[in-house]
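Just below is one structure, and these are the notes that go with it.
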Amino acid sequence: MNAPHSTSDRTQPGATDDAETTDGAAHGTTDGAAHGATDGMELTLRIWRQPGPEEQGAMTTYRVTGISPDMSFLDMLDTLNERLIAEGDEPVAFDHDCREGICGACGMVINGQAHGPQPTTTCQLHMRHFDDGDTIDVEPWRAAAFPVIRDLVVDRGALDRVIGAGGYITAPTGSAPEAHATAVPKPAADTAFAHAECIGCGACVAACPNGAAMLFTAAKVVHLGVLPQGAPERESRVLDMVTAMDDEGFGGCTQVGACATACPKGIPFESISDMNREYLRAVRKGGRG
Amino acid sequence: MVNLLWRSTIGKKAVMAVSGLVMLLYLVAHMLGNLKIFFGPDDFNGYAHWLRTIGEPALGYEWTLWVVRVVLLAAVVLHIVAAYQLSRRDIAARPVGYAHRGASRLRMTFATRTMRWGGVILGLFIVWHILDLTTLTVNPHAEPGHPYENVVASFSTWYGNTIYIAAMLALGLHIRHGFAAAARSLGVTSARLAAGLRVTANGLALVLTAGFLAVPLAVMTGVVS
């Protein structure tokens, strides 16, 4: 998350006039200095600004200029933040880490779509997917289980607690086991790999109209459930993880499919049915495995 | 086990799926039985009488009918309570919505989007339908033992037709989403099956809606009178 620099003088949410006027001054100077003669794209951003978890937030309008189509969406936000800092305003807080599409930190809803219009993470979304003059809405993940900490940063700890409830295997630690000791059938290995791709970004929750974490939970249940290493806890895992998921206040599945469409890692929608089957199987087997 | 089923979102959804499928099975039989009306008053009224005597003499008069009614009542109550509780959860899970308003926001089929309100319409319709043709409370003809005449009388009113047609369109949409969703809630997964399920869901929705609508349309056009 971007460390907030100063607490004085920050643009209050809703103070759109202020943000727009300062931008007008920046148009010829900051932009020209950064990109020479080329102007690049000019965009209107409506960004959710919220100073803290308990404070009121609002969509605040900014204009950015000189945006190269080769920039990532985060580069574009960095450009805005550099200007805001130079002008003595608070930069927009957003989560980011690897910027390689593998850490899952950079969650934000862009024009109503989790991670924007491409099936990637926000850091891998390039500005060429937008047109010059576009207005872009940028909002945090919205879910009761993901409280907003500041601006676009939400607390995704609920997902960690779901994993903690059963998203692991119990195995003796120490030196690496002999590779052939436990044979894994090829189809099971493929399924496990496909589901292990989940990076826990939370896009499925953000996209789901019910704020459900079904796809996230299903990815781990299926990943470990198909492997022999995961077999001893097969029943308790699904029961405990689903209980934790419900306790965190995530919604349920209404078979809309928005989660799988939004998933940057292509976790298949069918994994939710797989988890449903695993859950009902565990219930039939009388609870604990 | 009951606790695990009713307490969790997945378990409650499974309850909805099973109760929905029970009602769907009944609807297929109900629709086919309705088509008896095209064989004339004697066939139709005779069929209605036979429904009350199934299992006789081992079972008493209307016993089978009452067993069916109790099962259906249990199914509809479970279905509605589960739907209400899950919907409350789902709505509470997103207390603050997205400010963005645009075409890209969320793509849902019309059937998926109308599940909740369509369900409410169907629930209200069931009450009306029982008052109209079972208890005959609101039926314009209201002659016990003469369902043919009662049906014709009901579908000779503008409100009878409007309510029925609207409810049957809602039913088709409800089944279109509900059948495939129920299968997935119960863990039916494979891609090969999924395509078949979608076709079956659409087929069931079409056949049931068309079959049910055939009766009021026949009365309106004078084919049945």
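Quick note on labels: first sequence line is chain A, next is B, and so on, each numbered from 1.
- Residue B/Val96 touches chain A through both its backbone and its side chain, counting heavy-atom pairs closer than 4.5 Å.
- With a 4.5 Å cut-off on non-hydrogen atoms, A/Ala206 touches chain B through its backbone and its side chain both.
- The closest side-chain heavy-atom distance from A/Asn276 to B/Val188 is not below 4.5 Å.
- Residues B/Ala93 and A/Gly251 share a closest heavy-atom pair of CB-N, 3.3 Å.
- Considering only heavy-atom pairs separated by less than 4.5 Å from chain B, the leading option among A/Arg277, A/Arg46, A/Arg142 is A/Arg142.
- Atom CH2 of B/Trp6 has more than 12 neighbouring heavy atoms from other residues, nucleotides or ligands inside a 6.0 Å radius.
- Contacts of A/Pro140 with chain B are made by backbone atoms alone, with heavy-atom separations under 4.5 Å and no side-chain atom involved.
- Residue A/Val148 does not touch chain B at all, counting heavy-atom pairs closer than 4.5 Å.
- Side-chain contact between B/Met108 and A/Pro209 is present, with at least one heavy-atom pair separated by less than 4.5 Å.
- For B/Leu86, no part lies under 4.5 angstrom from a heavy atom of chain A.
- If you measure heavy-atom distances from A/Tyr279 to chain B, the contacts under 4.5 Å come from the side chain alone.
- Side chains of A/Asp246 and B/Ser8: no donor on one and acceptor on the other come within 3.5 Å.
- Under the 3.5 Å distance criterion, the side-chain polar atoms of B/Arg89 are matched with a main-chain donor or acceptor of A/Phe250.
- The contact between A/Ala143 and chain B is made by backbone and side chain atoms together, counting heavy-atom distances below 4.5 Å.
- Of all residues in residues 264-272 of chain A, those placing a non-hydrogen atom less than 4.5 angstrom from a non-hydrogen atom of chain B are A/Phe269, A/Glu270.
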